[in-house]
Amino acid sequence: MDIKMREGIKKLLDVFEDNRIAILIAPTGYGKTLASLKLLERAVEKGLASGLIHVTPLRSLVRNIYRDKFKKSGYRTGYQSLELIDDRDKSPYYLRELVVTTLDSFIMNLYRVPVAEYVKIFDERSLGHYYVPLSSIYTSVVVFDEAHIYLGELDESISVDMVRASIAILARLGIPFVIESATIPSKLLEEIASTIYRGTGKKANVIYVGSNNIQAEKIRSIEKIELDIVEDREFEDEHMIEWETRLIDEKDIFSIIDRELERIGGRNTSILIIRNTVKKAIKTYKELQNRYSIDADIILIHSRLSNRDRTKAEEWLFNKTSNKIKIGVATQVLEAGVEPPYASVLITDPAPIENMTQRIGRLCREGRKNEICRNEGARIYILKNYDIFRDRIDGIYDKERVEETLKLIEQHINSNHIIDWRTTVGYRDNDRRISFVNILEKVEPISSEITSLEQIFEYYLQSDEAFDTLRDVIDNFAVSRLRKGFFREEAIINLAIYSGSTIDYLHVNAEWFFEKEREMLEKSKAGCLEYEDDIAKVLGYLYNKGSNYNGIENRVEIIVEKSSIVSKSWIKKQEYKYLRYDKLHKIYEPRSSNLASARFHSLLIRGDCYNQSIGLVHDNV
C-alpha cells in the first residue's frame, strides 16, 4: 500500500527506532493511523518487534481501520472486537502480524483475561491461556490511537487507572509503543510523560507537528519530555482553508440547513450533524426526513444500529460517487478516526474542547483539494443552549469544561478571530487567525494523577498472578467504581434479530436496555425481547465437534432456547442492576442442559422493535 510519508511520520519513525517509545501529536487528517504500517515495517526491519497491535477506543474504528486501511496492507491482518466483521480474520489472541483491537479487548488480554476464554475464567472453571495473548503483546509494537479519549476522562470507571498502569508496565518491560492524538493538552501530556518516566527512568520523546505556539512552548518546559517540533509546510499549505465558527440556538438548525443547502446545492458534499445522545439524533433525523426527503439523502448513524445497517449507513456516507447532497446525523461514533469525503458543514451539540476539535476534524479531510473547502472554507455551527441546571451536559460531559470551551470560543468569535480547527501553527503574520490549541490549553483537563488503585494494577501486571488475584483487587478496592463492566462503568449486551433466514446483531448498554424493557412491561406493553412462558429467549449456534465456532461456515444449526435467568419477573424486580461484570454472560445461558454445547451469545428481540433506518426502537427510545 502506498502511504504518503509526511514529515511528522518520518520523524516519528526515526525517534521510535532510537527510543522504542514515542508520542505523536499531529492534527486531525494527518494520517496517524496509516503510520502504523510504516511503524511495523521499521520494527521488523530493525528487529524491534515481529508484529503490531493497533489499539483504538471505539468498535466502529476497529471496523473502519481493519476494512479500509489494514486489510489491503499485504500483512497477515486480524482484528478483535465484539462485532463479527470477517470470521476468517478475527484474532482474539492477536496471532497476526497486524492486529487492530478495541481498547477493552486489549486491556482484558493484558490483564490476563483472554477475551476468547472470558466465560470460563469468570466462572472459575479455568485460569485461561493468558500467556498466548501476552506473548503476542510482548513481541509487538503497541499503538494507542486517539489516546485523548481514554487518557483524559475519569468518568469511565477505572479505565484511566488501568490504561496508565498498562503504559507504565509496557515501558518498564521495554515493549515498544506509540501514543497518538491530535488533542492532548500539555497538562495531560505531562502526566503521561511521568508515567513513562516511572517505567523507564527516561524522558518521553514527543513529536509535535506544528510550530512555536502556546502549546508547544508549554510542552517544551516540561522536565520529563524531550520535544521535537516538526513544521510540515506541505500539510499546512494543503489545509490552509477558512474556518467559520458560529454559536447558534436549537431553533435555528433548520434555517441554517436551508441556507447551506442553497449555498452548496448541486455539488457533491455533505452536512454532518452530531448530537450528544441517540435520542436527540433520532429526533433530528425524523425532523429532517419530513423536511428534506426530496432535496437530500439523509442517513442516521449511532450505536444502536445493527452491525449490518450501520455498515450500510457508513458506506453511504463515505461514498464519493453520489451527486446528491448528503446529510449525516450521528452521535459521537463519528467523532474520531472516520473520513467522510467532501464534508464541509458541521452542526454539533456542545462538548469539551477535545471532543469538539475531533468532531470538526471530520470536515474538509481533503483540504484544498476539495473545491468547496478551497473556495468557501468549512462552516461550523455549535449549539449553545443546554440545561444549565444539570451537573453534566446531556448526562455525558463535565458541565464546567463544556461551559469553559463555549466561553472561549465565543470570546474568539467576538474578537473577530478565525479559529483554525486543524493546524497547530502559530500565526505571527495574521493576528486574526489562531489555532484550536489556544483553547485546548486554557480549558482545565480532568485530573488524572496517580492513584493507589493504579499502583495496585501496576503491581499486579508485574507479578505472575492469574485473574483471581485481580478479581480480589476489584472486589476490595473498586467495587463502587466498577459497577457493571470489567473495564468501563457500562456493560454491553448482545441482541439478535432473527427472521428465520437471516440474523443481524446489535450491541447496547445493558442497564439502559433492561430499564426500558422494565418500563414497557410495567405499562403492560409487550416489551422488545422475545418471550416464551414469560422467559426471554436466547439465540446461539450449534457447531460440529472440534470446529472453529468463529467460522460462519461451521454452523450446524441455529438454536433458540429460554434464558437461564432473564424473565419478565427478573426484569420487573430490576435484578439486572445487580449483575456483575463477571456474571453478565449468564443471561445468554440456556435453561436446557442438553443444549449446553450450543454457543449462546445473544438475547433475541422482536423484529417490530427494530427499524432499519432508525435502529432499536425501544419504547420510542
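These numbers come from the heavy atoms of this one structure, side chains and all, not from hydrogens, waters or symmetry mates.
- Of all non-hydrogen atoms in K203 and E226, the two that sit nearest each other are CD-OE1, 3.8 Å.
- Y111 has its ring centre less than 6.0 Å from the ring centre of F457.
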_Determine whether T56 and T33 satisfy the following criterion, side chain to side chain contact (heavy atoms under 4.5 Å, CB included), listing intermediate values before the conclusion._
CA-CA 10 Å; T56 183; T33 300; over 6 Å; no
*How far apart are the C-alpha atoms of E190 and K187, what are their side-chain angles, what is the distance that settles it, and do they pass the salt bridge (charged side-chain N to carboxylate O under 4.0 Å, His left out) test?*
CA-CA 5 Å; E190 183 173 14; K187 284 189 177 181; over 6 Å; no
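- Once rounded to the nearest 0.5 Å, the distance linking OG of S166 with CD1 of I175 reads 12.0 Å.
- The aromatic ring centroids of H601 and Y505 lie less than 6.0 Å from each other.
- Contact between I167 and I196 at its shortest, heavy atoms only, is CG2-CG1, 4.0 Å.
- The two residues R220 and I229 have their closest heavy-atom pair at NH2-CD1, 3.1 Å.
- Side-chain atoms of D89 and T77 form no donor-acceptor pair, as typed in the model, at a separation below 3.5 Å.
- Side-chain contact between L173 and L461 is absent, with no heavy atoms from C-beta onward closer than 4.5 Å.
- Under the 4.5 Å side-chain criterion, counting only non-hydrogen atoms from C-beta, L39 is not in contact with R42.
- A distance of 8.5 Å separates CD1 in I179 from CD1 in I25, rounded to the nearest 0.5 Å.
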*Could you check Y66 against V99 for side chain to side chain contact (heavy atoms under 4.5 Å, CB included), going step by step and ending with a plain yes or no?*
CA-CA 8 Å; Y66 163 79; V99 177; over 6 Å; no
*asked:* salt bridge (charged side-chain N to carboxylate O under 4.0 Å, His left out) for R310 and E314? Distances and angles first, verdict last.
replied: CA-CA 6 Å; R310 184 160 160 180; E314 290 177 353; 3.6 Å; yes
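- Partners of F177 according to the ring pair (Phe, Tyr, Trp, His ring centres under 6.0 Å) rule, which considers only residues two or more places apart in sequence or in another chain, do not exist here.
- Using a 4.5 Å cut-off on side-chain heavy atoms (C-beta onward), I65 and Y79 make no contact.
- Residues S181 and K32 form no side-chain contact, since every pair of their non-hydrogen atoms from C-beta on lies 4.5 Å or further apart.
- Remark: A49 engages A43, V141, P176 in a side-chain contact (heavy atoms from CB on, under 4.5 Å) (not counting sequence neighbours).
- Taking a 6.0 Å sphere around NZ of K583, one finds it holds more than 12 heavy atoms contributed by other residues, nucleotides or ligands.
- Between K586 and D123 the shortest side-chain heavy-atom distance falls below 4.5 Å.
- In this structure, the side chain of S563 does not engage the main chain of A536 through any donor-acceptor pair within 3.5 Å.
- The heavy-atom pair separating G210 from T424 by the smallest distance is CA-OG1, 3.0 Å.
- If you check the side chains of R67 and N64, you find a donor sitting under 3.5 Å from an acceptor.
- Looking at every heavy atom in both residues, L506 comes nearest to R304 through CD1-O, 3.6 Å.
- Taking the side chain as every heavy atom from C-beta outward, E511 and K577 approach each other to under 4.5 Å.
- Between T28 atom OG1 and Q358 atom CD the span is 6.5 Å, to the nearest 0.5 Å.
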*In sequence, state the C-alpha distance, the side-chain angles, and the governing distance for I493 and F514, and then conclude on side chain to side chain contact (heavy atoms under 4.5 Å, CB included).*
CA-CA 10 Å; I493 59 169; F514 284 128; 4.3 Å; yes
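- Using a 4.5 Å cut-off on side-chain heavy atoms (C-beta onward), Y118 and F467 make no contact.
- For the atom pair CG of L98 and CZ of F70, the computed distance is 5.0 Å after rounding to the nearest 0.5 Å.
- Sparse packing is recorded around CD of E223, with 12 or fewer heavy atoms of other residues, nucleotides or ligands lying under 6.0 Å away.
- Of the charged side-chain nitrogens involved, at least one lies within less than 4.0 Å of a carboxylate oxygen, so that K46 and E17 count as a salt-bridged pair.
- A donor-acceptor contact closer than 3.5 angstrom links the side chains of Y93 and E117.
- Using a 30° and 60° split on the angle between ring planes, F106 and Y94 fall in the parallel class, below 30°.
- Using a 4.5 Å heavy-atom threshold, the side chains of I9 and Y30 count as touching.
- Atom CD of Q80 is separated from atom CG of L95 by 11.0 Å, given to the nearest 0.5 angstrom.
- For the pair S126 (side chain) and G128 (backbone), a donor-acceptor distance under 3.5 Å is present.
- Remark: side-chain polar atoms of D228 are not paired, donor with acceptor, to backbone N or O of N205 under 3.5 angstrom.
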*asked:* What verdict does the side chain to side chain contact (heavy atoms under 4.5 Å, CB included) test give for K10 and V230, after you've listed the backbone C-alpha separation in whole Å, the side-chain angles of each residue and the deciding distance to 0.1 Å?
replied: CA-CA 10 Å; K10 293 178 184 177; V230 177; over 6 Å; no
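- Screening I21, T195, L170 for a side-chain contact (heavy atoms from CB on, under 4.5 Å) with T200, the sole residue that qualifies is I21.
- Between K312 and E315 no salt bridge is recorded (no basic side-chain N to carboxylate O distance below 4.0 Å).
- From N509, atom CG reaches atom CD1 of I492 across 5.5 Å, with rounding to the nearest 0.5 Å.
- Of all heavy-atom pairs spanning P590 and S564, the tightest one is O-CB, 4.0 Å.
- Between the side chain of E180 and the backbone N or O of L24 there is no donor-acceptor pair closer than 3.5 Å.
- In this structure, the side chain of D504 engages the main chain of R308 through a donor-acceptor pair within 3.5 Å.
- Relative to the six-membered ring of Y460, R112 meets both conditions, a distance below 6.0 Å and an angle of at most 45° to the axis.
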